Amino acid sequence: MTDAPSSGEAPPLPPGTPPILQLMGISKYFPGVIANADVSLDVRPGEIHALLGENGAGKSTLMNIVTGIYQPDAGEIVLDGYAQRLASPQEAIRAGIGMVHQHFKLVQAFTVAENIHLGWRDTPPRASTRVLEARTRALSERFGFAVRPDARIADLSAGEQQRVEILRVLARQARLLILDEPTAVLTPTEARDLFRALQVFRAQGNAVILISHKLDEVMDISDRISILRGGRKIGTFATADCTPAMLARTMVGRDIVRRDLRARPPGAAPVAARPALGLRHVTTRDERGIETLRDVTLDLHGGEILGIAGVAGNGQRELTQVLTGLLAPDAGDILLDGVPVATPDPAHFARAGIGHIPEDRLRSGLAPSLDIADNMALREYDRPPIGGRGGYAPRAAQALARQIADAAAVRIPDYAMPIRNLSGGNQQRLVARREIRIADRILVAAYPSRGLDIGAIATVLGYLTDLRDRGVAIVLVSEDLEELLNVADRIGILFQGRLMATIDAATADMETIGLLMGGRTAAHTGGTT
Amino acid sequence: MARIVQRLPSVSPTRLLIWRAGAVIAALLLTTLFLALSGRDPALLAELVVRSTVGSRFGLEDLALFMTPLMLTGAAVTVTSRIGIWNIGAEGQFYAGAIGAAGIGLFVHGPALLVLPLMTFCGVLCGMAWILVPTLARAYASVNEIITTLLLNFVAALLTSYLAVGPWHDRVTGALASTARLPVAIPDLWGVVHWGFPLALAVVAILAATLDRTRWGYEVRISGANPEAARYAGIPVRARIVAVMLLSGALAALAGVSEVAGTVHRLQGGIANNFGYFGIVVAVLARGSCLNVLPAALLMAFILDSGIVLQTQQLTASTVLAITGLVLFMISIGDELAHYRPVSTSKEAAP
């Protein structure tokens with residue numbers, strides 16, 4: 001968007017106007033996690049303030065505090081110059097703070113007018129459908145968000161639903177509008193319409209906090225940018241002083257410890273010439289028909305670690321599912337040893353020596369209510385000594401569980417207790433060892449270090465490099481760039497389901513990866529130094 | 001406020017058993033109290049109940065007769081609960097099995113050695129057919145099986161009544177709402193107890209072994225505990241759901257076959273006698289374990305048998321239901337309380 005929003009410029013402020021929202025030293029702790037530490041931030045009337053940060057940087061927690069969902073453990077919220085305690089979301093709404101979440105909170109079976117008036121103090125106590133629709137029409141015109149008052153939410157596109165959400169917030173006299181990844185679900189045209197409307201909103205002296213991962217759009221629309229990292233605010237910059245490259249660096253760049261784990265010990269398996277598994281122009285769609293992977297082509301070679309970088313939700317889940325036979329592509333081919341797989345089946349992939357450490361262990365890799373032995377048998381129950389001839393030998397399963405627990409250095413008091421009684425870290429280590437046992441050819445590891453402490457992370461990464469040296473092909477999906485740069489041989493970057501590039505990790509730099517993660521193509525990055 | 005109790009993540013079987021025994025005793029004490037309050041002599045009634053259930057040969061025979069269908073319907077509900085499904089339709093499948101068996105028994109004549117297996121086969125097939133539609137709806141369209149299986153119960157009960165008073169009605173003796181006595185019967189084993197009793201025991205034992213000691217049983221267990229993990233491991237969840245539900249229908253139907261061919265010897269309205277519903281109670285008491293079905297069915301049989309005794313003492317039939325409910329209620333409280341233990345660190349322990 002090069003056309004400058006001349007009509008949407010903020011009106012000049014009289015000196016001494018207090019910020020709409022001022023956060024002073026906000027801290028929030030969860031058991032074992034510092035979500036926010038000493039965050040101070042001010043949002044002025046008439047500005048669009050972008051909030052940038054990686055996953056887990058503390059953006060969501062901070063916004064939950066601002067909207068009254070969480071209470072800060074330390075610090076103060078100042079609205080229009082007065083300190084306030086926002087005890088509930090209702091109080092935040094009354095104070096003029098409205099948030100539009102990434103996942104809309106609308107009643108699908110209700111009409112637009114009904115959703116707008118739901119739980120609103122200004123809704124007339126006895127209102128007919130006609131009155132509600134007339135009121136909605138009036139609101140729609142007043143705020144410049146076109147909606148059809150009588151349409152059912154379920155029949156609307158994502159962009160239309162978002163307009164309803166925003167209108168719902170604006171109708172409650174919000175002066176500070178918080179948008180979480182608003183363009184993630186929009187077409188480019190819808191995104192342009194949204195930005196135009198936001199500029200009008202800003203011109204009336206209101207403010208917007210925009211959470212986004214897309215650097216281009218942040219550069220286009222925002223007035224100032226604050227960057228969070230690891231729960232702390234790194235800084236607030238005027239957008240005019242920023243470049244996408246500098247933002248990417250600041251967002252992801254910490255003091256990188258480049259600990260090269262790529263070096264092979266003598267005797268390690270070389271990188272295989274022929275790929276063990278390949279994807280050719282693979283496209284997948286979710287149930288709504290939206291493309292989750294777009295035209296992905298890649299090869300996995302034995303003895304090599306392929307890192308997958310990207311902001312969460314850009315196709316990582318689908319990629320791991322396609323690679324392990326859980327998800328059949330809507331278009332394109334999976335080549336196992338160069339032969340196309342007609343109907344992917346996870347059991348077949350497992351027997352072919354493909355292990356899978358899934359992203360969400362408890363939900364997809366374990367049966368939480370069953371005992372540890374049953375859970376550890378999940379990959380080997382169909383072969384001796386546990387399986388064999390249709391049987392199931394509980395003793396053999398327990399012996400296997402003991403073996404896996406020993407390898408994972410997890411101490412288990414009772415193998416008959418449900419696995420959910422173990423800590424997340426121990427579950428993780430057990431699943432990793434279980435999968436490594438069957439991963440003769442390929443291991444697909446999604447966020448294997450998530451939720452682990454530093455020592456455990458080193459252990460798990462050690463597992464991966466050991467496997468690599470034995471000639472196994474490894475896919476490591478991670479949100480931790482440092483980890484990828486240290487361990488991976490090549491790094492592929494996913495953005496909106498597209499494999500933006502696959503680059504050599506030894507020479508890769510954080511900045512290029514950051515830009516690719518934000519949706520800039522390699523051609524774009526060539527211009528910046 | 002200081003915490004005085006602590007919740008245990010898992011409960012040992014012994015601990016659970018103690019709490020359950022306590023719950024049953026509490027329920028009996030409460031029953032006694034109310035019987036005394038309504039002017040009965042609890043000691044006299046208790047003596048009568050004991051004498052006519054476990055205290056005499058006739059009582060024990062009755063107990064075994066009650067236990068036979070309860071073991072099978074209890075197993076039917078337990079097997080689906082393993083895969084996270086509730087078959088509320090054991091009652092209907094019981095009727096279907098009874099109809100199938102009676103149909104063969106009435107109209108196919110031959111030596112018992114041939115007719116009895118045919119009756120069993122046909123009855124089981126009818127039971128599976130009765131659960132087929134809910135099964136397919138559940139497996140392929142995710143239609144809630146609780147509603148579909150339940151509603152078919154009423155259809156089956158009405159169909160049975162229709163057959164018993166209509167086309168299959170006994171025209172010779174003119175008995176109301178019943179078919180003629182079947183020419184073949186499951187041979188008796190001990191008094192009125194027929195071979196259906198040891199057969200049911202064997203079926204439960206085989207089922208327990210299948211679920212605990214076979215690959216198929218393991219796959220069912222995983223599919224029930226977490227379908228997503230099952231898919232991750234390549235287990236065909238849908239096929240397992242279909243198989244388990246059909247097996248459940250077959251087990252409930254087997255109870256119907258044994259009741260028709262061994263105990264009642266004819267098809268009559270209301271022959272299921274709520275055994276299908278009591279099967280749910282048995283399964284709840286068994287907590288998903290097939291072997292636990294045996295003691296649970298025994299307890300249930302004892303309650304039903306006692307109920308009949310109490311009815312001869314001019315207590316209404318609803319008293320029996322109330323006692324059943326009370327026992328279940330106390331047991332579920334006991335199961336929950338078994339998860340808690342007092343925290344010993346606080347000086348002022350809970351009273």
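Order of the sequence lines sets the chain letters (A, B, ...), proteins ahead of strands, with each chain counted from 1. Since the model is a prediction, treat every value here as computed from it, not as a measurement.
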Quiz item: Donor-acceptor pair, B:Y218 side chain versus A:G387 backbone, under 3.5 Å?
Solution: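 Not a single qualifying donor-acceptor pair exists.
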
Practice problem: Check the pair B:I222, A:L378 against side chain to side chain contact (heavy atoms under 4.5 Å, CB included), reporting the backbone distance first and the verdict last. | Solution: CA-CA 8 Å; B:I222 295 284; A:L378 193 59; 3.7 Å; yes

Quiz item: Can you tell me how far the CD atom of A:Q321 sits from the OH atom of B:Y232, to the nearest 0.5 Å?
Solution: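 Atom-to-atom, A:Q321:CD and B:Y232:OH are 11.5 Å apart.
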
Quiz prompt | Interface residue of largest heavy-atom contact number with chain B, from A:S369, A:P368, A:P394, under 4.5 Å | solution =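 Of the candidates given, the most pairs with chain B belong to A:P394.
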
Quiz item: Which of the residues A:A367, A:A347, A:S364, A:G365 is involved in the greatest number of heavy-atom pairs with chain B at under 4.5 angstrom?
Solution: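 Looking at each option in turn, the highest pair count goes to A:S364.
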
Exercise. Heavy-atom pairs under 4.5 Å with chain A are the metric here; pick the option from B:A225, B:A229, B:G224 that has the most.
Key: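 Most heavy-atom pairs within the cutoff with chain A belong to B:A229.
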
Quiz prompt | For A:R389 against B:R215, the heavy-atom pair lying closest together | solution =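 So the two residues come closest at N-NH2, 4.3 Å.
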
Quiz prompt | Pair B:E219, A:Y392: side-chain N/O donor-acceptor within cut-off below 3.5 Å | solution =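 On atom types as modelled, these side chains do not qualify, holding no pair under 3.5 Å.
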
Quiz item: If you count the non-hydrogen atoms of other residues, nucleotides and ligands that lie under 6.0 Å from CZ in A:R437, is the total more than 12?
Solution: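 Buried by this count: over 12 neighbours within 6.0 Å.
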
Quiz prompt | B:W195 CH2: over 12 foreign heavy atoms closer than 6.0 Å | solution =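 Open: at most 12 neighbouring heavy atoms sit under 6.0 Å from CH2 of B:W195.
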
Less than 4.5 Å to any heavy atom of chain B: does that hold for the side chain of [X], its backbone, both, or neither?
{"X": "A:E435", "value": "side chain"}
{"X": "A:A377", "value": "both"}
{"X": "A:H348", "value": "neither"}

Quiz item: Would you call B:R221 and A:D374 a salt bridge, using N to O less than 4.0 angstrom?
Solution: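 Yes, B:R221 and A:D374 are salt-bridged.
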
